[in-house]
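All values below come from the heavy atoms of this structure, side chains included, with hydrogens, waters and symmetry mates left out. Below, chains carry the letters A, B, ... as their sequence lines are ordered, and counting in each starts from 1.
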Amino acid sequence: MVSIVLPDGTIRSYDGPVSGNDIARDIGPGWTKAALALCVDGTVKDLATVVTRDAAVRLVTAKDSDALALLRHDAAHVMAEAVQELYPETQVTFGPATERGFYYDFARKTPFTPDDLERIEARMRDIVDRDEPIRREVWRREEAIAYFTGRGEKYKAEWVTQLPEGEDISIYRQGQWLDLCRGPHLPSTGRLGKAFRLMKLAGAYWRGDARNEMLQRIYGTCWPDEAQLKAYLNWMEEAERRDHRRLGREMELFHLQEEAVGSVFWHPKGWTLYRTIETYVRRRLAAAGYVEVKTPQLVDRSLWEDSGHWEKFRENMFTVTVGDGKEKEEILAIKPMNCPCHVQIFRQGIKSYRELPLRMAEFGACHRYEPSGALHGLMRVRAFTQDDAHIFCTEEQILSETQDFCILLRIMYHDFGFTDVRVKFSDRPVKRAGSDETWDKAEKALLEASRAAGLEITLNPGEGAFYGPKLEFVLKDALGRDWQCGTLQADFVLPERLNAAYVGVDGAKHRPVMLHRAILGSFERFIGILLEHYAGRMPLWLAPVQIVVATIVSEADSYAEDVTRALCTADLRAVVDTRNEKITLKVREHSLAKVPLLLVVGRREAETRTVALRRLGVKTQEILALDAAVDTLGREAAMPAPG
RNA sequence: GCCGAAGUAGCUCAGGGGUAGAGCAACUGAUUCGUAAUCAGUAGGUCCGGGGUUCAAAUCCCCGCUUCGGCACCA
């Protein structure tokens, strides 16, 4: 006797074991067609799975969110089948579902070409039309190894060898083709549908390890229906339109060029944006009790040796050699980070516990020799400036400092228009400095502090910095993409290595704890994120040019100049456009330039000392008296301020 | 760094051994106009760099650089 509970609460009883297919048939004819898989006690399984004991059971259909992964995983298999039919010399390796599609990694001597992608996609459609039944089999380990070795599938054979004892070696067979796979899968290839598209070719290391050989990865996307596929492709196009590199050029914000790879040439408008953000951060930090410092760009190698960075990151540091090339030669590093320098400031004079917590901020310009393949517009550069700070405090103060930091961080993200923030907790990495006891202490302190700050945390094992565990703050942009920006790292190691100390209540010397923290991360990258988030249409307070005063006839020129002067006097960033052009052209150009406010003045406005206000994206106008306009817009454009 | 692709006017792109092309932008002139493109004209090039093959190379070959898409890395 087997009883199953369906999601609506109904209970069905069967004489003996029952398969998902049976259940579907039993519930109703529509379900035989709709059911893609079976969810037994919360785990998704093949529809053919036999339920042998009482369980909560749900039939998965295309409408369910867990169907998507199933669909995509199948798409990967169908792609692999297509590839091996077309190119039999190709070895298969792995092909999982991803957040927006799927990929499969292949081993093949000749690279795939974009033309191959078309052929493969066409063959995939054939395989869907064939509607091959997909069946799960369990093989013995030796059998599987012998089979894959015999077929020249060395990656699969290697993988089987390393599967843990006791785990089923499951093989999924579809038509003539089969693959080692954990599953689950759809009942047949026809159920996949045709809302998929192969997207791009890429290289990828076997098992994600750069020491291994490189495989060829084919990425695809796959959806339950054509409409969703179309929506995804539109989303991709939107992301392309918002690309900060494109906006940076179109909006004349910055450029990059070969002679300074990974370093930004900020143009006047881009630099205005940058400085606005800097001013904002500076005010927020000052209000939160930070002091600001500035430390050297070039620092002798010995300091980096002491801090431990030389050992771990030497390859990624820019260095400068000075001296006669013989005995007197010395090596300086262009600073890749600010923390060792901040400790030097802390070490000046004797610090008392009364001075803690000491929050030391720096808009520190850093250089890192990032691998060439990592560079990407403003998002990954070799020269950047962090909104960096180090909080020197006692162990007891970690709690309240973390709480305060989280509050500050949320306010600042909110001011920039980001409200969805997630937090990751990264604990000790394999390569690290400091004893296990120290790590125990640091991880415990940071965990407790984040709990006290009310954070919901996801664990990110082994991803901490070499000197301490970290909290990482990830924000979601308007397109739903994640960007890791903020960080808070608890460090018990650097103060020790660089010999930072304070005198406690007991009159004895103690080690302070250092909290490394940043909110934006780097200005460069954060500006890139902002541009993509807003598609270049910056909020008024951030817009490099906030207002253009545009004339209709040249008779209004001198009045337009007056208007512009009045706006600038009120600290608004305004420019005047008195070109001899039609107003339609001016409206078009300044709209395309994403200027938030346009003040149009013609004879009427000049005579009545008014302005016709047109907001970006709005087709209507408001007529305002000049004084009122300066007043309202001045208030509207104000930087979000502390207090 | 690794795999793959690309680099021609400011931008988007065509041209694939025989005189370097288009659209938009720019510039000049005319036009004084009421909310997303006024008209006419002009100018603009180390075809990424360096070698080679050839009577002749933007085009074919080799090397390098940069960029793009991924992978790996990210204090």
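- Applying the side-chain hydrogen bond (donor to acceptor under 3.5 Å, both in side chains) test to A:K269 and every residue at least two apart in sequence or in another chain returns A:E252.
- By the ring pair (Phe, Tyr, Trp, His ring centres under 6.0 Å) test, A:F425 pairs with no residue at all, sequence neighbours left out.
- A:F363 is linked by a ring pair (Phe, Tyr, Trp, His ring centres under 6.0 Å) to A:F523, counting only residues two or more places apart in sequence or in another chain.
- With sequence neighbours excluded, no residue forms a side-chain hydrogen bond (donor to acceptor under 3.5 Å, both in side chains) with A:E581.
- A:T319 pairs by the side-chain hydrogen bond (donor to acceptor under 3.5 Å, both in side chains) definition with nothing, not counting sequence neighbours.
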Could you run down nucleotides 36-46 of chain B 5' to 3' and tag each one B, S or - for protein heavy-atom contact under 4.0 Å?
BBB--------
Whether each nucleotide of nucleotides 58-64 of chain B has a protein heavy atom under 4.0 Å at its base (B), only at its sugar-phosphate (S) or at neither (-) is summarised, 5' to 3', as -------
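- Every ring pair (Phe, Tyr, Trp, His ring centres under 6.0 Å) that A:F94 has, sequence neighbours left out, goes to A:W159.
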Any protein N or O atoms within reach of nucleotides 13-16 of chain B? Criterion: under 3.5 Å, listing atom names and distances.
none

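- Under the ring pair (Phe, Tyr, Trp, His ring centres under 6.0 Å) criterion, A:Y219 pairs with A:Y103, sequence neighbours left out.
- In terms of modelled atom types and a separation under 3.5 Å, the side chain of A:D482 and the main chain of A:K476 share no donor-acceptor contact.
- Using a 4.0 Å cut-off between a side-chain N of Lys or Arg and a carboxylate O of Asp or Glu, A:D243 and A:R245 qualify as a salt bridge.
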Without placing hydrogens or testing angles, list every side-chain donor-acceptor pair under 3.5 Å for residues 374-382 of chain A, not counting sequence neighbours.
unit_1, atom_1, unit_2, atom_2, d
A:R380, NH2, A:E370, OE1, 2.9
A:R382, NE, A:E370, O, 3.0
A:R382, NH2, A:E370, O, 2.8

Nucleotide by nucleotide, nucleotides 65-75 of chain B touches protein heavy atoms under 4.0 Å in the pattern (B base, S sugar-phosphate only, - none) SSSSBBBBBBB
